[in-house]
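Side-chain atoms are counted along with the backbone in the values below, which use heavy atoms only and exclude waters and symmetry mates. Just so we're on the same page: letters track the sequence lines, and every chain starts at 1.
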Amino acid sequence: MSLKQVYDRLYKHYGPQHWWPGDTPFEVMVGAVLTQNTAWTNVEKAIYNLKLYDALSPHAIVEVPHEQLAQWIRPSGYFNIKARRLRNFCQWYIEQGEYPQLSQWETNELREGLLSVNGVGPETADDIMLYAFARPVFVIDAYTRRIFSRLDYITGDEGYEELREFFEKGLARNRDKVQLFNEYHALIVMHAKDICKMKPSCDDCCLKKVCLYLE
DNA sequence: ACCCAGGGTCATA
DNA sequence: TATGACCATGGG
């Protein structure tokens, strides 16, 4: 079964996911940093606080004292380190001219720029690439590894870039890649949560049963 | 009480 | 290059 066929199956079963939750590209970027190793429900509380104090803007985040920012984003966990990461990112974001300028960057340059920020790794960068800048980049996360290694598409110990290339090449023939990658990653996350919800042991769960489950 | 969540950095060998 | 420690909240 091709990667596209797996996608079709997931899509038929779960339907459109409407990712990324967020009103603006900048909110998506903030969410991408805050959700690092953290449940999304906790991130929502942090973003709610930022909105409440009118601080969901790159300038506000750069200007507010560290202690204050850390308190606002406290529910998302790792609040000290994430306050620093948000500040690092926003400083870079402002320096590069914010969205109007950055949106004109060539895709590879933009990705390298994001990765140059301390606190933004491959997955966070690709979340931002895909969901804030609408670039055709396939996001790899722990769910993707688990699901597709259980389906024997991969071993699971490949490097991040290797996996990204695997998925991007495997889906290269499709037309609207941004839309496809957008839904695909969201569906993977949805599926992982759905299946892991009905397991007791996740050892046996994911894709062989998953595909059967989806039939 | 324990486990994990939409990761990344840094020190060490 | 490859592990391990560390960051910290909230829900199951």
Side-chain angles (χ1 to χ4, degrees), chain A residues 7 10 14 16-22 25-50 52 66-92 111-133 135 137-149 155-164 167 181-207 210:
Chain A
Y7 169 83
L10 289 168
Y14 295 108
Q17 299 300 303
H18 309 293
W19 270 36
W20 181 294
F26 183 72
E27 181 175 339
V28 172
M29 302 178 208
V30 170
V33 171
L34 293 181
T35 199
Q36 291 171 357
N37 203 39
T38 300
W40 180 253
T41 51
N42 288 355
V43 177
E44 289 180 314
K45 295 169 187 170
I47 290 179
Y48 172 82
N49 285 339
L50 292 177
L52 192 63
H66 171 90
E67 304 299 334
Q68 180 68 272
L69 181 57
Q71 284 310 309
W72 286 338
I73 66 172
R74 183 169 164 271
S76 68
Y78 305 126
F79 49 82
N80 280 313
I81 192 152
K82 281 178 180 173
R84 179 157 41 95
R85 289 176 182 181
L86 272 186
R87 191 179 306 283
N88 290 343
F89 172 75
C90 289
Q91 183 171 353
W92 174 84
R111 189 167 190 272
E112 290 307 308
L114 290 167
L115 288 173
S116 74
V117 177
N118 186 300
V120 176
E123 185 178 340
T124 304
D126 289 344
D127 281 336
I128 294 173
M129 290 292 288
L130 180 59
Y131 293 105
F133 288 100
R135 305 304 176 97
V137 171
F138 198 94
V139 179
I140 305 296
D141 65 349
Y143 293 146
T144 311
R145 286 177 189 279
R146 262 195 346 238
I147 290 176
F148 286 91
S149 63
T155 68
D157 57 359
E158 294 89 349
Y160 185 96
E161 296 302 327
E162 188 180 348
L163 279 183
R164 188 166 69 87
F167 281 92
F181 294 174
N182 179 322
E183 286 295 342
Y184 210 151
H185 181 244
L187 286 166
I188 286 168
V189 173
M190 166 59 78
H191 180 59
K193 289 179 175 174
D194 184 36
I195 294 304
C196 290
K197 202 167 50 181
M198 48 198 244
K199 58 151 194 176
S201 84
C202 204
D203 288 337
D204 214 6
C205 77
C206 286
L207 279 200
V210 166

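Here the range on DNA chain C touched by chain A, meaning any atom under 4.0 Å from one of its heavy atoms, is C:dC7 to C:dG11.
Every stem involving DNA chain B, taken as at least 3 paired positions in a row under the Watson-Crick or G-U wobble test at 3.5 Å, is listed here: B:2-5 with C:9-12, B:7-13 with C:1-7.
One can place CZ of A:F138 at 13 Å from C1' of B:dG6, the figure rounded to the nearest angstrom. Remark: P of B:dG6 and NE2 of A:H185 are 10 Å apart, rounded to the nearest angstrom. Atom pair A:N88:CG and B:dG7:C1' shows a separation of 15 Å (rounding to whole Å applied). Here the P atom of nucleotide B:dG6 and the CD1 atom of A:I140 are 16 Å apart, to the nearest Å. For the pair A:I188 CD1 and B:dG6 P, the interatomic distance rounds to 14 Å; values are reported in whole Å. One atom, CG of A:N182, and another, P of B:dG6, lie 17 Å apart when rounded to the nearest Å. Protein atom CG of A:L115 is 16 Å distant from nucleotide atom P of B:dG7, rounded to whole Å. Rounded to an integer number of Å, the gap from CD1 of A:I47 to P of B:dG6 is 14 Å.
Side-chain contact between A:T155 and A:S149 is absent, with no heavy atoms from C-beta onward closer than 4.5 Å.
Proximity of A:R146 to the phosphate of B:dA5: a side-chain N or O atom is located under 4.0 Å from OP1 or OP2.
For the P atoms, the distance from C:dA8 to B:dC10 is 15 Å, rounded to whole Å. Nucleotides C:dT3 and B:dA5 place their C1' atoms 22 Å apart, quoted to the nearest Å. The gap from the C1' atom of B:dG6 to that of C:dA2 amounts to 25 Å, rounded to the nearest Å.
Under the 4.0 Å criterion applied to side-chain N and carboxylate O atoms, A:D126 and A:R111 are assigned as salt-bridge partners.
Residues from residues 27-45 of chain A placing a heavy atom under 4.0 Å of any atom in DNA chain C, listed by number, are A:N42, A:K45. Listed in residue order, the members of residues 68-75 of chain A having a heavy atom less than 4.0 Å from DNA chain C are A:R74, A:P75.
When each of A:T124, A:D127, A:V189, A:I128 is paired with A:V139, the side chain to side chain contact (heavy atoms under 4.5 Å, CB included) condition holds for A:D127 and for no other.
Donor-acceptor pairing under 3.5 Å is recorded for the side chains of A:D141 and A:T144.
B:dG8 has no stacking from A:Y78 on its base ring, since the centres under 5.5 angstrom apart and planes within 30 degrees of parallel are not both found.
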Pairs under 3.5 Å (N/O, protein and nucleotides 10-13 of chain B):
from	atom 1	to	atom 2	distance (Å)
B:dC10	OP1	A:N118	ND2	3.0

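At a threshold of 4.0 angstrom between heavy atoms, the contacts of A:D127 with the nucleic acid are absent. Among the heavy atoms of the strands lying under 4.0 Å from A:T124 are primed sugar atoms or P, OP1, OP2 only; no base atom is included.
With hydrogens and angles disregarded, a donor-acceptor distance shorter than 3.5 Å links the side chain of A:K82 to the backbone of A:L34.
By the ring-ring contact (aromatic ring centres under 6.0 Å, His included) test, A:F167 is found to be paired with A:F138, A:F148, residues two or more places apart in sequence or in another chain being considered.
The distance from the OG atom of A:S76 to the CG atom of A:L86 is 8.0 Å, given to the nearest 0.5 Å.
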